[in-house]
**Student:** 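Below: one structure in structure tokens.
In what follows, residues are counted from 1 in the order of the sequence shown. Whatever order the structure lists them in is the order used to number ligands and atoms, beginning at 1.
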Amino acid sequence: MPSPDYAEKIPNNVSLADDRRLQRALESWQPNFLTWWETMGPTLPTQDVYLRTAVNVGREGWAQFGHVPMRDYRWGIFLAEPGPDRRISFGRHKGEPAWQQVPGEYRAELRRLIVIQGDTEPASVEQQRNLGATAPSLYDLRNLFQVNVEEGRHLWAMVYLLHAYFGREGREEAEELLHRNSGSADAPRILGAFNEETPDWLSFFMFTYFTDRDGKYQLGTLKESAFDPLSRTCEFMLKEEAHHMFVGTTGVDRVVERTAQVMVENDTDDVAALGAIPLPVLQKYLNFHYSVSLDLFGGETSTNVANYYTAGLKGRWMEERRKDDHLLDSDSIMVDALLDAGTGEQSIAQTEVSALTGLNTDLRREYIADCAGGVKRWNRILDGAGLPHRLALPHQAFNRKVGAFAGIEASPAGEILTTAEWEQRKSQWLPTDTDKTFVRSLMRPVYERGKIAAWLAPPRNGINGQPFDYDYVHLA
Ligand SMILES: [Fe+2]
Ligand SMILES: [Fe+2]
């Protein structure tokens with residue numbers, strides 16, 4: 001394994017120096033990436049930020065921390081170390097050696113999977129670009145920028161694969177990844193959740209909890225891929241992704257903690273006037289971000305995904321730990337479904353399909369179980385404060401735009417509603433303009449070292465052993 005060469009423009013452990021053609025392709029893409037970063041990336045001017053930079057992949061530490069100007073961040077290309085004699089663990093090619101090149105028959109599908117994953121990475125940077133202006137503390141501001149630069153690096157990871165393995169079409173797709181933009185009318189991002197705005201920090205914490213967690217599960221399936229460079233890229237990305245979810249988990253923790261504290265101190269549920277976020281508003285934000293993230297897993301059944309699995313392109317979450325034949329062609333699964341759709345008798349129930357067709361459901365269920373863990377922790381905070389209130393995940397038919405429930409409206413409890421009932425009641429369940437305006441009204445920047453906004457509790461610890469009042473960011 002060559003160690004990264006910092007004399008090069010693009011730090012990497014893929015022996016870029018030995019492949020002049022690829023190196024030139026990436027070096028010509030880099031200025032376009034920087035232009036994108038300058039025009040679509042963070043808007044708050046800074047001198048430097050205390051950032052983690054990936055510098056290697058080994059166990060002995062893969063990252064360096066230090067104050068760096070964001071424009072000079074070293075977005076590198078790192079693949080996890082190759083496994084010795086890695087074999088394909090599922091599907092029709094099970095037991096064969098993993099692919100080091102793209103098989104011609106799967107070229108289009110693999111390219112598509114990489115483009116869809118790649119498209120989400122810069123999208124979130126675009127969605128979050130204005131949040132610096134209202135950061136609740138320098139610690140939070142630093143975490144936002146950390147997530148942003150790493151999503152930028154994840155874009156590099158996917159662009160590397162497109163350039164290295166997909167020829168001219170790959171290079172064209174790499175350009176397109178910079179041309180599409182979140183929320184754009186003519187060239188939007190591919191997936192719905194990545195065209196929603198992230199206008200405030202409550203949304204940011206919910207996004208990093210729920211939507212980055214979708215990313216974790218998607219990367220987990222691609223890590224199983226028979227195409228070894230994709231597998232190794234995703235394995236390394238998952239290391240960085242863990243911090244993004246930490247930002248979401250502890251971010252929501254700290255909102256709940258602060259709200260609970262204000263509720264107890266003032267013996268009231270109505271904390272809005274006291275500058276904290278009321279629990280019903282938190283619940284509505286949770287409902288929104290969870291339901292749009294569920295859509296990212298696609299329909300309950302999918303023949304495309306069945307084909308991807310059989311071909312070895314995309315596995316299951318923790319594929320190798322599953323105790324079955326890893327072919328699934330004679331198994332079945334119960335998936336959620338709308339029975340008697342469109343009739344007066346329609347109901348939410350389950351139906352049996354082949355295990356291959358139901359793979360999206362399998363992945364979504366893993367994700368839902370993981371999300372439930374967050375709700376449990378937030379409820380523990382409420383319980384610890386002596387409050388009887390609880391947060392909950394809404395039913396999976398609630399507010400869905402993709403899959404079996406896209407055509408109906410359902411309450412968070414999973415009761416099917418008429419359009420009129422939905423219109424009448426949705427303001428109880430999803431953030432209204434009034435809620436959003438209120439949350440935005442709390443978003444005043446706090447850039448003083450060691451200080452924090454009133455709607456959020458400070459973190460238990462700082463970053464990389466530094467204290468909370470460390471100078472994480474130097475503003476310009
Ligand atoms: Fe990412
Ligand atoms: Fe992420």
Side-chain angles (χ1 to χ4, degrees), residues 33 36-37 40-42 49 51-54 57 62-63 70 73-80 113-129 131 140-162 174 177-178 180-182 189-196 198 201 203-223 225 229-252 289-290 292-293 296-297 314 317 363 367 370-371 374 463:
F33 169 80
W36 168 80
W37 178 265
M40 297 307 294
V49 182
L51 291 175
R52 169 175 87 175
T53 304
V57 294
W62 54 274
M70 271 199 289
Y73 188 77
R74 300 181 66 84
W75 286 281
I77 299 165
F78 295 99
L79 273 57
L113 286 172
I114 292 168
V115 166
I116 291 174
Q117 179 61 40
D119 193 67
T120 66
E121 311 289 355
S124 64
V125 177
E126 295 163 357
Q127 290 170 290
Q128 296 161 14
R129 62 192 306 248
L131 289 174
D140 290 290
L141 184 59
R142 176 265 165 213
N143 285 347
L144 166 71
F145 291 150
Q146 182 70 62
V147 170
N148 292 162
V149 292
E150 286 176 348
E151 299 304 3
R153 202 201 68 74
H154 293 174
L155 171 60
W156 272 92
M158 293 297 124
V159 164
Y160 161 73
L161 294 176
L162 290 170
L177 287 171
L178 297 174
R180 280 187 295 272
N181 290 141
S182 179
R189 292 294 175 186
I190 298 170
L191 301 172
F194 293 90
N195 288 305
E196 300 286 348
T198 312
W201 281 75
S203 300
F204 174 64
F205 292 142
M206 292 292 178
F207 183 96
T208 41
Y209 187 84
F210 289 108
T211 309
D212 272 296
R213 191 170 308 272
D214 155 72
K216 167 180 157 183
Y217 284 83
Q218 303 302 340
L219 291 174
T221 64
L222 296 175
K223 181 176 87 95
S225 181
L230 174 61
S231 162
R232 289 165 53 209
T233 296
C234 291
E235 189 179 336
F236 189 67
M237 289 161 74
L238 280 164
K239 278 193 182 192
E240 291 163 313
E241 211 56 59
H243 176 68
H244 307 181
M245 279 169 291
F246 164 86
V247 169
T249 308
T250 57
V252 180
H289 286 274
Y290 175 69
V292 301
S293 299
L296 292 170
F297 292 83
K314 195 176 162 182
W317 178 251
L363 189 64
Y367 169 81
D370 194 352
C371 290
I463 292 296

**Student:** Are any of the side-chain heavy atoms of Val149 and Thr53 separated by less than 4.5 Å?
**Tutor:** no
**Student:** Output all residues satisfying salt bridge (Lys or Arg N to Asp or Glu O under 4.0 Å) with Glu150, sequence neighbours left out; order by chain, then residue number.
**Tutor:** Arg52
**Student:** Listing by chain and number, which protein N, O or S atoms are under 2.8 Å from the Fe ion (ligand 2)?
**Tutor:** Glu151 OE2, Asp212 OD1, Glu241 OE2, His244 ND1
**Student:** Considering only heavy atoms from C-beta outward, does the side chain of Gln117 approach that of Leu219 to under 4.5 Å?
**Tutor:** yes
**Student:** Which label fits Tyr367 and Phe297: parallel for a plane angle under 30°, tilted from 30 to 60°, or perpendicular past 60°?
**Tutor:** tilted
**Student:** Have Gln146 and His243 got a donor and an acceptor in their side chains that come within less than 3.5 Å?
**Tutor:** no
**Student:** Let me know which of Glu240, Glu241, Glu121 forms a salt bridge (charged side-chain N to carboxylate O under 4.0 Å, His left out) with Arg153.
**Tutor:** Glu240
